[in-house]
Amino acid sequence: MSTELFITTDFQRRWVNELTEAGPFFSSFSERSDQLSKFPKENIEKLVEMGYTTLTLPREFGGAGSTVTDMVLFQETIARFDSATALAIGWHQGVVGELYESRKWTEEQLAQFSEAIQQGALVNRSVTEAQTGSPTRGGRPQTTAVRTENGWVISGEKTFTTMAPALTHILVSVWIEEKQKTGFFLLPSETAGLSIKDTWHMISMRGTESQTLVLDHVQATNEQLVEVNEAPRANNQNGWLLHIPACYMGIAQAARDYAVHFAATYQPNSLNEPIASLFNIQTQIGKMDLELIKARHLLYDIAGIYDDSARRVHLQNELGVAKSIVTNSAIEIVNLAMRIVGAKSLELSNPLQRHYRDVRAGLHNPPMDDMTITKLAQAAISGQQ
């Protein structure tokens with residue numbers, strides 16, 4: 001089981017090979033990063049050095065013009081080796097891809113920012129707040145932007161700012177009272193009044209350091225107000241968010257591979273051959289691969305539809321479905337892997353216990369299962385009216 005079936009271009013082959021070669025380096029920091037809840041900065045630095053963080057820039061802006069399918073393939077590959085690195089850099093890749101696809105910014109703003117990315121800049125959106133929860137549920141930001149003679153003053157706190165220690169730029173969502181709309185400011189991380197509060201005390205994805213961003217009367221110029229939302233962001237079709245299920249797909253593959261290797265090599269003295277010869281173990285392995293094939297084909301098929309502009313217009317709730325199916329399949333795959341390995345999978349030195357904790361974070365990445373299911377129901381009902 002692998003992504004070989006989905007590699008269709010030389011570009012994809014080259015990058016899958018390069019990321020796979022770098023895999024042992026990525027995974028060498030996994031245990032330490034998880035134990036200390038500290039960001040694996042060495043991995044991100046390596047990805048920047050490799051040129052990976054420029055891939056989703058369009059060619060006219062100095063990038064490789066990666067498609068969503070390319071991104072999904074590469075992100076899954078990284079996640080097989082280190083989940084925190086994959087989820088963190090996936091936000092940068094996805095934000096950049098969506099920015100340059102939507103072209104909401106001026107050409108000058110896009111050109112300037114692309115130069116920064118080519119020089120190693122890292123960006124993520126900071127949108128979640130303690131009082132509003134996930135922005136996909138429609139909560140209005142409590143972070144405010146107030147106009148002044150010289151521009152704007154921004155105050156508030158943002159939770160779950162993934163990759164906070166490594167970000168050079170942050171897209172911060174705010175409520176603009178005078179416009180009665182939500183907007184985004186592009187803030188360099190060294191901006192005065194902007195700081196990071198150490199609040200990331202989770203059991204899952206500990207290495208992402210998704211800390212709280214504090215904005216204490218941060219001053220910003222009119223030019224830094226780069227987006228004003230005319231409609232809820234949740235209404236947008238954003239295929240670049242498929243980096244999320246791609247990450248959990250990679251974790252599932254890593255758990256499956258570990259369990260299969262264990263079954264093929266572990267032979268207790270009560271057996272004359274490894275436990276892979278047992279029917280019940282083969283059943284568990286077969287169930288893992290069944291879930292992997294189902295989830296991966298769905299993920300790559302929907303990514304391919306999004307990349308095809310003629311078919312993309314027909315997408316309705318499929319992006320949310322892909323995230324839901326992949327995440328839940330990944331959780332089941334890790335569960336099956338741990339049943340195969342047994343109590344050894346609970347040892348803190350065993351990667352399966354980390355996969356088990358990390359994969360559950362997918363349930364709380366957007367969009368959540370209940371929203372996807374509700375939208376499917378509403379679409380079905382409206383089709384009968």
Side-chain angles (χ1 to χ4, degrees), residues 37-42 44-45 48 53-54 57 88-89 91-96 98-100 104-132 135 139-201 207-229 233:
S37 194
K38 290 297 181 184
F39 189 72
K41 63 182 187 302
E42 297 89 347
I44 300 303
E45 290 169 354
V48 171
T53 53
T54 68
L57 278 174
I89 206 63
W91 282 110
H92 167 87
Q93 300 295 85
V95 167
V96 171
E98 188 263 337
L99 280 178
Y100 286 84
K104 292 178 181 177
W105 298 9
T106 66
E107 286 296 306
E108 182 180 1
Q109 288 171 327
L110 290 170
Q112 289 177 347
F113 195 50
S114 68
E115 291 177 5
I117 294 170
Q118 291 176 62
Q119 293 168 8
L122 295 168
V123 65
N124 193 6
R125 290 187 185 271
S126 189
V127 292
T128 306
E129 296 180 356
Q131 296 302 312
T132 62
R140 195 178 86 180
Q142 300 293 294
T143 301
T144 58
V146 179
R147 189 185 289 277
T148 66
E149 290 183 3
N150 300 318
W152 301 85
V153 172
I154 304 169
S155 295
E157 289 194 4
K158 299 289 188 179
T159 56
F160 300 110
T161 305
T162 300
M163 202 166 51
L167 295 176
T168 61
H169 295 77
I170 306 168
L171 277 163
V172 178
S173 67
V174 300
W175 177 251
I176 307 173
E177 187 67 31
E178 70 173 49
K179 296 179 182 289
Q180 288 292 295
K181 291 177 180 176
T182 300
F184 279 87
F185 281 85
L186 179 64
L187 303 176
S189 58
E190 70 271 13
T191 301
L194 188 156
S195 62
I196 296 171
K197 186 190 298 184
D198 185 2
T199 57
W200 189 240
H201 307 301
T208 64
E209 272 204 75
S210 302
Q211 308 284 15
T212 295
L213 184 72
V214 179
L215 303 132
D216 184 9
H217 295 87
V218 169
Q219 296 187 22
T221 65
N222 289 320
E223 290 72 28
Q224 286 176 282
L225 177 57
V226 289
E227 298 174 30
V228 177
N229 292 348
R233 283 181 55 80

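Side chains included, hydrogens not; waters and symmetry mates left out as well; all remaining heavy atoms used.
- No more than 12 heavy-atom neighbours from other residues, nucleotides or ligands sit within 6.0 angstrom of CD on Q219.
- Every residue meeting the side-chain contact (heavy atoms from CB on, under 4.5 Å) condition with Q109, not counting sequence neighbours, appears here in chain and number order: W105, T106, V226.
- Listed by chain and number, the residues in a side chain to side chain donor-acceptor pair (under 3.5 Å) with Q93 amount to none (sequence neighbours excluded).
- Side-chain contact between V172 and V218 is absent, with no heavy-atom pair separated by less than 4.5 Å.
- The number of heavy-atom neighbours closer than 6.0 Å to CD of Q180, taken from other residues, nucleotides and ligands shown, is above 12.
- In this view, T199 and T212 satisfy the side chain to side chain donor-acceptor pair (under 3.5 Å) rule, not counting sequence neighbours.
- Residues satisfying the side-chain contact (heavy atoms from CB on, under 4.5 Å) test with T128, not counting sequence neighbours, are P135, T159, F160.
- Listed by chain and residue number, nothing satisfies the ring-ring contact (aromatic ring centres under 6.0 Å, His included) test with F39 (two or more places apart in sequence, or in another chain).
- By the side chain to side chain donor-acceptor pair (under 3.5 Å) test, D198 is found to be paired with Q211, residues two or more places apart in sequence or in another chain being considered.
- We find the CD1-CD1 distance between I176 and I154 to be 8.5 Å, quoted to the nearest 0.5 Å.
- In this structure, the side chains of E227 and R125 come closer than 4.5 Å at one or more pairs of heavy atoms.
- Counting heavy atoms from C-beta outward, T168 and H92 have side chains that stay 4.5 Å or more apart.
- Once rounded to the nearest 0.5 Å, the distance linking CG of L194 with CD1 of I170 reads 5.0 Å.
- Between the CD atom in E115 and the CD atom in Q119 there is a gap of 7.0 Å [rounded to 0.5 Å].
- Sorted by first then second residue, the salt bridge (Lys or Arg N to Asp or Glu O under 4.0 Å) pairs that include residues 174-186, not counting sequence neighbours, are R147-E178, K181-E230.
- In terms of the side chain to side chain donor-acceptor pair (under 3.5 Å) criterion, residue partners of T208 (sequence neighbours excluded) are, by chain and number, S210.
- Around NE2 of H201, the count of heavy atoms belonging to other residues, nucleotides or ligands within 6.0 Å exceeds 12.
- Among residues at least two apart or in separate chains, there is no side-chain hydrogen bond (donor to acceptor under 3.5 Å, both in side chains) pair with a member in residues 182-196.
- None of V174, L215, L171, T143 except one satisfies the side-chain contact (heavy atoms from CB on, under 4.5 Å) rule with F185; the exception is V174.
- The salt bridge (Lys or Arg N to Asp or Glu O under 4.0 Å) test applied to K197 returns E157, not counting sequence neighbours.
- Contact annotation: the side chain of H169 approaches that of F113 to within less than 4.5 Å [non-hydrogen atoms, C-beta and beyond].
- Residues I196 and T161 form no side-chain contact, since every pair of their non-hydrogen atoms from C-beta on lies 4.5 Å or further apart.
- Residues satisfying the side-chain contact (heavy atoms from CB on, under 4.5 Å) criterion with Q142, sequence neighbours excluded, are E129, Q131, T132.
- Listed by chain and residue number, F25, F29, R32 satisfy the side-chain contact (heavy atoms from CB on, under 4.5 Å) test with E42 (two or more places apart in sequence, or in another chain).
- The shortest side-chain heavy-atom distance between K158 and P141 falls under the 4.5 Å cut-off.
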